[in-house]
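Side chains included, hydrogens not; waters and symmetry mates left out as well; all remaining heavy atoms used. Labels below follow one simple rule: chain letters A, B, ... track the order of the sequence lines, proteins then strands, and each chain is numbered from 1. What you see is a predicted model, and the numbers here were worked out from it, not measured in a lab.
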Amino acid sequence: MTRKKAYLIAMALLMTLLTVLLCAAAIRIWREGSARKAENPLEAVYTPEKVEEELLRISPLLYAVIGMAAAGLLLGIRDEKNARPSPAPDAARKQRQETKDGRSPRTGEQPSDRGTNAVRIALLLAAGALMVLGAMNGSMEDVLRKAINICTECIGLG
Amino acid sequence: MDKIKQETWWQRHRPSTRRLVQVYCALLYNAHLKGFVTGEIYRGPTKAACVPGLNCYSCPGAVGACPLGALQNALAASGHRAGWYVLGILLLFGVTLGRTVCGWLCPFGWIQELLHRIPTPKIRKSAVTRTLSWMKYIVLAVFVIILPLVYGLAYDLPLPAFCKYICPAGTLEGAMGLLPTNRDFFSMLGILFTRKYVIMLIIGLACVFCYRSFCRFLCPLGAIYGLFNRFSIVGVRVDPTRCNRCGACVRHCEMDIRRVGDHECISCGRCMAHCGTGAISIRAGKITLKGPEIRGRDTASETAPEDARKRKTLGRALWGAALAVLCFALVWFNVLDPSAAERAGDQRSGEAGSIEARTGEASREAAGPAGTGPEVSRHAKEERAGDTETPAEPEKKWESDAPVGYEVGQRLEDFTARCLDGRTFHLAEHRGKIVFINLWATWCTPCVQELPYFNALYQGKGDVAVLAIHSPAVTDDPAAFLAGKGYAFPFATEAEAERLFAIVHGGAVLPQTIVLNRSGEVVYNKVGSVTPETLEALYAAADAGI
């Protein structure tokens, strides 16, 4: 095993471990907090102190991962296998075969320009009309009102 | 070989034009940088416009709306109003750009590519990933369209299901963006956050190993734009007269395409460097934006150097204009924006309201017995204005000498609110009762879900007063929304909302609950949803004088 390969595998393991530990920390805080909340409904499940405590515990691994990733990026270490082409999907293989056999391929033909332009113009006009309709019926105002107020559960605060 | 050795580190690692455009867009969409410091989201008029990519509008820096969030909310409200505007915006972005948005203009796409740069073994595309790429259409159908529609039409419950249960951009940009500067939000975190946080971490890890995992397998916005890829004006195009069907473009592409320009193609243009015949270019209609390359060489500049020079000059001019726009946006949204000055003024008047009330309280105390201070004269003014209902004098044993304000331990400023059912709610009349004030909105799912809890509390206990105040941001008529729901407690009219929100320090985050003890002192004033158990505990705490 080359050093590059060992580095890549080590990074993969560290990244996975970091993710697992972060998930475990969140689940642990939630479980302990839920138990406290079951006894006293006014208790918070998550507290800043608990979150900071867990982050502090994981921080050495986090810094190690950041440091190793930065070093790898600076040194240009990468999975060389990834730079090689993937096997072609069935459709592309068929096309190549048809070309080799002298048959004209069924796929890959462009729609006619005139037809495409007509569709584009129709869709653009429809888009404009819908936006004007939306401004008139108040749905644009709805977008604004929703965007300037946070619904907490929509961003996971709940 | 020698040529490769002569390349400097910078030449090997120089960011591509596409990377620069991605960074530019991420900055432009989140130009309200001071929001990351103040912990407040931007609330100006530009949020009526959707940005093309996935960028949560609850990110403190966001200056535009997220098209996916807007679509779900529009579908959830389709019983009240058709969401033509959002459909028009999506159609516009789809027809003009298609999935070029994903490859060039989406901040979350950029984040995924950055994660993929972390040096680890990588999972290449295969038949499995190609099959998984259809999953995003299922996510689109179920979480973005069906669930919001069903809950909105059948239950009148706004449910942006993708935002609520899956979207990692919301967790990363919204929650992670707001939590460090709003420590009181921690009390709102629960199972929903835990689930979304774990999902975000898993998606992040997947992106490290597998190129653009979220984009390929889960993103409903990419699914929508992919439907337009065939017709989009801007995108990667293959010249059929030059293409020899070798398939090199497909084999080198990291997305699950079957041919360049299909619904999985994000028009990143990386296939251009692998095309042996120069058949691939990025075009906007008939205009070539990036000419064909043969094995990494821009052949257009070799065959038509004059055109190449013109393109270079035009490119520089466009970059100059773009940077000017970005600089203006950064200055505007962080310094000059008049809507920010208005909000600061609102905040100051809210504080002044508290200060005036405190001053009134002080002068009332100085004047002697109750009935001579400005608060009474305010009531007298209301009488002269025609409001014939006057509040009863509070019982002397429930009087409080705490300072007037909205924080815990302070006495909430007395107010009178007209209600939807014709009643008038006088706070002073409810001394001796535990008072629950709930800030809600028809478009807020947890707000609507917890109204029955307040109703049960109000009907179950004889010494509880409840008042619900709708957010000043009204999208649907609250009276029509509440008709037939049978809530017994009063709801303040929309006309009262701004004034009452200022008194209780309500803001952009909902729901919010304020609890007053029998002396009118605040014992609880927090954002976040409540459960029946929480309400019982709050009642007990207020009753005990805690």
Side-chain angles (χ1 to χ4, degrees), chain A residues 8 11-12 15 19 22-23 26-27 30 41-42 44-48 69 72-73 77-79 82 85-86 88-89 91-92 95-96 99 105 107-108 110 116 119-120 123-124 126-127 130-131 133-135 137-140 142-158, chain B residues 43 47-48 57-58 65 70 73-74 81 83-85 87-88 91-92 95 118-122 124-125 160 163-164 170-171 174-175 183 185-190 192-194 196-198 201 205 208 231 233 240 245 247 250-252 258-259 443-446 473 475 508-509 529 533-534 537:
Chain A
L8 291 173
M11 270 304 297
M15 286 296 307
T19 306
L22 285 168
C23 291
I27 293 168
W30 171 69
L42 295 184
V45 174
Y46 281 77
T47 58
L73 284 168
I77 300 174
R78 64 174 82 161
D79 183 3
N82 198 45
S86 309
Q95 278 182 40
R96 278 211 317 281
T99 309
T107 55
Q110 305 286 335
T116 308
V119 172
R120 284 172 182 165
L123 289 175
L124 279 172
L130 285 172
M131 286 168 69
L133 260 174
N137 83 339
S139 59
M140 186 169 97
D142 289 351
V143 169
L144 174 65
R145 291 234 167 93
K146 194 66 186 79
I148 61 173
N149 290 279
I150 304 172
C151 181
T152 51
E153 290 202 357
C154 299
I155 57 170
L157 299 188
Chain B
R43 303 182 73 189
K47 275 199 150 170
Y57 47 46
S58 294
N73 286 304
R81 185 172 19 252
W84 300 130
Y85 175 70
L87 292 175
L91 201 53
L92 179 69
V95 170
I118 295 173
T120 62
K122 303 299 180 192
R124 293 199 294 168
K125 68 179 184 184
C163 293
K164 182 172 175 178
T171 317
R183 288 169 85 86
F185 284 9
F186 277 90
S187 61
M188 284 193 276
L189 304 183
L192 184 67
F193 173 78
T194 308
K196 285 199 77 181
Y197 178 74
V198 168
L201 288 173
L205 185 68
V208 170
F231 301 106
I233 297 169
R245 315 288 193 275
V250 174
R251 291 200 310 278
H252 281 92
R258 289 193 178 273
R259 59 173 181 82
W443 41 259
C444 165
T445 315
T475 55
V509 187
S529 44
E533 294 78 25
T534 314

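Of the atoms belonging to A/T19, heavy atoms from both backbone and side chain fall under 4.5 Å from chain B. Both the backbone and the side chain of B/P121 come within contact range of chain A, each with at least one heavy atom under 4.5 Å from a heavy atom of that chain. Of the atoms belonging to B/A175, heavy atoms from both backbone and side chain fall under 4.5 Å from chain A. For B/V95, the part sitting under 4.5 Å from any heavy atom of chain A is the side chain, from C-beta outward, and nothing else. With a 4.5 angstrom heavy-atom cutoff, B/K196 touches chain A only via side-chain atoms.
Across all non-hydrogen atoms, the minimal contact from B/L91 to A/A126 is CD2-CB, 3.8 Å. Counting all heavy atoms, side chain and backbone alike, B/R183 lies closest to A/P48 at NH2-CB, 3.2 Å. Of all heavy-atom pairs spanning A/I148 and B/R43, the tightest one is O-NE, 3.0 Å. The heavy-atom pair separating A/D79 from B/K122 by the smallest distance is OD2-N, 2.8 Å.
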side-chain contact (heavy atoms from CB on, under 4.5 Å), that's the test. Do A/M11 and B/I118 meet it? Break it down for me.
CA-CA 8 Å; A/M11 270 304 297; B/I118 295 173; 3.5 Å; yes
Checking side-chain contact (heavy atoms from CB on, under 4.5 Å) for the pair B/W84/A/L130: CA distance, chi angles, key distance, verdict?
CA-CA 5 Å; B/W84 300 130; A/L130 285 172; 3.5 Å; yes
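Interatomic distance, B/L92 CG to A/L123 CG, rounded to the nearest 0.5 Å: 10.5 Å. Rounding to the nearest 0.5 angstrom, the gap separating the CZ atom in A/R145 from the OG1 atom in B/T475 is 7.5 Å. We find the OG-CG distance between B/S58 and A/N149 to be 9.5 Å, quoted to the nearest 0.5 Å.
Note: A/C23 leads A/A44, A/C23, A/G72 in heavy-atom pairs under 4.5 Å with chain B. Looking only at heavy-atom pairs under 4.5 Å with chain B, the residue among A/L22, A/L144, A/T47 that has the most is A/L144. Contact count versus chain A (heavy atoms, under 4.5 Å) is highest, among B/S187, B/G174, B/G170, B/A537, for B/A537. Here B/Y85 is the residue among B/Y197, B/Y85, B/F185, B/Y57 with the most heavy-atom pairs under 4.5 Å with chain A. Annotation: maximal heavy-atom pairing with chain B below 4.5 Å, among A/I77, A/V119, A/I27, A/V45, occurs at A/V119. Interface summary for chain A: among B/P119, B/A473, B/A65, the most heavy-atom pairs under 4.5 angstrom belong to B/P119. Put simply, of B/L87, B/L201, B/V208, the one with the most heavy-atom pairs under 4.5 Å next to chain A is B/L201. Between chain A and the residues B/G88, B/A74, B/G83, the most heavy-atom pairs under 4.5 angstrom are made by B/G88.
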